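Some notes on the structure that comes next.
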Amino acid sequence: MNIFETLESEVRSYCRGWPTTFDKATGSFLYDESGKEYLDFFAGAGSLNYGHNNPLLKRAVIDYMLADGVTHSLDMNTVAKRELLESFEDIVLKPRALDYKVMFPGPAGANAVEAALKLARKVTGRESIINFTNAFHGMTLGALSVTGNSMKRSGAGIPLVHATPMPYDNYFDGQTPDFLFFERLLADSGSGLNEPAAVIVETVQGEGGINAARVEWLRGLAELCQRHGILLIVDDVQMGCGRTGPFFSFEVAGIRPDIVCLSKSIGGYGLPLALTLLKPELDVWEPGEHNGTFRGVNPAFVAATEALKVYWRDDKLEKSTLAKGEQVGRELTGLVESYPDVPMRAKGRGLARGLQFGDARLAGKVCATAFELGLLMETSGPDGEVVKLMPPLTISDDELERGLSVLARSVKGALA
Ligand code: PLP
């Protein structure tokens, strides 16, 4: 027994699928303490879009720390925060003609979601939120109330209320018109559906199994929200910061959510940072009405600013993500075609890709085999039936090809 097993809670999870002790990390690789190299197709669950210890971001953080820049500041004004806000406005918001105000909740994705839900309720004076089947929005009680997974929900210990799940895109395999059920309930005064404050949606469900909503469905949802005076919250915690190509995952649909949640890779270097973006007219907060101690992690501001400057001043990263995503998509389709007798499906958008197995145990076996072969991938989906591929966006062509060939060997091994 090691200290992790004796002292750390049973709640730990990733270390069970990857039973080694990691020590170092650079770019697309992690190394365990024996020096074994692992190619990382997990990328901190989407927190490491720019790779591990990215040298450009590291330089900025080290310089800041060596100069005794403020580390912790709650929501006091600091130079590092000013630079982040200026860069975010110039590089992200203005070029997209977006006029969001920026709120700093606590640093986790769940903090950004809680702030969004609370604000939507405050603005509308309504309680009810619409979420979607297989959604994942975090583990705090509000975020869990709009999350689908029954195992995660059961951890709440209290009823999770004030949220109504609706079918996500393609829930009925394309057999029903989009929003048939939702529209009907909204129109029917006998439906029992309370008037919703907001809809919360992921454009691609990461934890839910790499379910990519069609662009038409996202547009339809935005129109439905507008028609019915319901706020639209896009949770871009995992799919934002370029994971699907553009900075915001909803750009592809040309929609303008009322509220956007960002976390994970917005911190650039894997450092904790979250933002809740809100349309200016929704900014009805009283000073201090929603706060938290860790809303001013300045080294994360510095890394975030540098990441915006390095990767988002032009469309190079977006284009390369789309091209690499296509390559992964082709490889996955090729795998599906090579095993016509095994129920499998290729899924995803950009560099958020998945290989879904009819038999969930196979997905687990593929990831376990890949781990042995030095490739980190996790499973997702309600039964863990999807092998999830999320390499850093900065992965080189050679590394990507190497990972895909290990994936192919792992699938072969798991099916043998
Ligand atoms: N929202 C989405 C879409 C996520 O994927 C996650 C985490 O995976 C969260 C929210 C919660 O983020 P955190 O684990 O940082 O609280």
Side-chain angles (χ1 to χ4, degrees), residues 11-14 17 42-49 103-118 120 129-149 151-153 155-156 160 163 165 168-169 198-213 218 232-244 247-250 257 259-277 292 294-295 297 300 304 347-354 377-382 384 386 388-390:
V11 78
R12 64 197 193 280
S13 66
Y14 289 108
F42 168 64
S47 303
L48 294 163
N49 283 3
M103 169 180 179
F104 293 89
N111 296 128
V113 169
E114 294 290 347
L117 298 178
K118 205 194 251 190
I129 306 283
I130 301 294
N131 60 307
F132 289 100
T133 48
N134 288 307
F136 183 82
H137 297 290
M139 301 296 275
T140 51
L141 290 179
L144 205 50
S145 74
V146 288
T147 287
N149 187 292
M151 190 274 264
K152 303 250 161 40
R153 288 177 70 86
L160 294 170
Y168 192 67
D169 188 22
V199 164
I200 184 162
V201 68
E202 298 153 272
T203 62
V204 179
Q205 296 181 323
E207 302 308 294
I210 307 289
N211 306 316
L218 292 169
L232 177 61
I233 305 170
V234 168
D235 179 348
D236 234 0
V237 163
Q238 185 159 160
M239 295 301 151
C241 303
R243 176 50 60 188
T244 66
F247 185 84
F248 293 112
S249 70
F250 55 81
I259 305 178
V260 181
C261 303
L262 285 177
S263 180
K264 295 199 189 261
S265 278
I266 189 66
Y269 198 68
L271 292 171
L273 177 63
L275 306 178
T276 304
L277 310 178
F294 286 104
R295 288 174 301 132
V297 183
K347 311 168 84 177
R349 175 146 61 232
L351 271 174
R353 296 279 168 171
M377 296 183 298
E378 68 165 340
T379 58
S380 78
V386 178
K388 185 179 176 198
L389 291 87
M390 294 225 316

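Counting starts at 1 for both ligands and their atoms, following the listed order. Here the structure is a predicted model, which means the values were calculated and not measured.
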**Asked** Between F132 and Y168, what is the ring plane arrangement, given parallel below 30°, perpendicular above 60°, and tilted in between?
**Response** perpendicular
**Message:** Using a 4.0 Å cut-off to any heavy atom of E202, which atoms of ligand 1 qualify?
**Reply:** 3 (C)
**Request:** For A108, counting its heavy atoms only, list the atoms of ligand 1 lying under 4.0 Å from any of them.
**Result:**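 Every atom of ligand 1 under 4.0 Å from some heavy atom of A108: 15 (O), 16 (O).
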What's the shortest distance from [atom] to any protein heavy atom, and which residue and atom give it?
atom: atom 10 (C) of ligand 1; result: H137 O, 3.2 Å
atom: atom 8 (O) of ligand 1; result: K264 NZ, 2.9 Å
atom: atom 16 (O) of ligand 1; result: A110 N, 2.8 Å
atom: atom 12 (O) of ligand 1; result: G109 CA, 3.3 Å
atom: atom 1 (N) of ligand 1; result: D235 OD2, 2.6 Å
atom: atom 5 (O) of ligand 1; result: Q238 NE2, 2.7 Å

**Message:** Within the 4.5 Å heavy-atom criterion, are V260 and F250 side-chain neighbours or not?
**Reply:**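 In contact.
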**Message:** Strictly inside 4.0 angstrom of atom 14 (O) of ligand 1, do you find any protein heavy atom?
**Reply:**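 No, there is none.
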**Asked** Under the 3.5 angstrom rule, does the side chain of S145 hit a backbone N or O of A163 as a donor-acceptor pair?
**Response** no
**Item:** Heavy-atom pair with the smallest gap, counting every atom of A143 and M139
**Value:**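 Smallest interatomic distance, heavy atoms only, reads CB-N, 4.4 Å.
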**Asked** P105 and T276: which non-hydrogen atoms are nearest, and at how many Å?
**Response**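 Looking at all heavy atoms of both residues, the closest pair is CG-OG1, 3.5 Å.
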**Item:** I233 and its side-chain contact (heavy atoms from CB on, under 4.5 Å) partner, picked from I259, V146, V201
**Value:** I259
**Asked** For atom 9 (C) of ligand 1, which candidate among V237, V113, V204 holds the nearest heavy atom?
**Response**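 That would be V237.
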**Prompt:** When rounded to the nearest 0.5 angstrom, what is the spacing between CD in Q205 and CD in Q238?
**Reply:**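 Nearest 0.5 Å value for the CD-CD distance: 11.0 Å.
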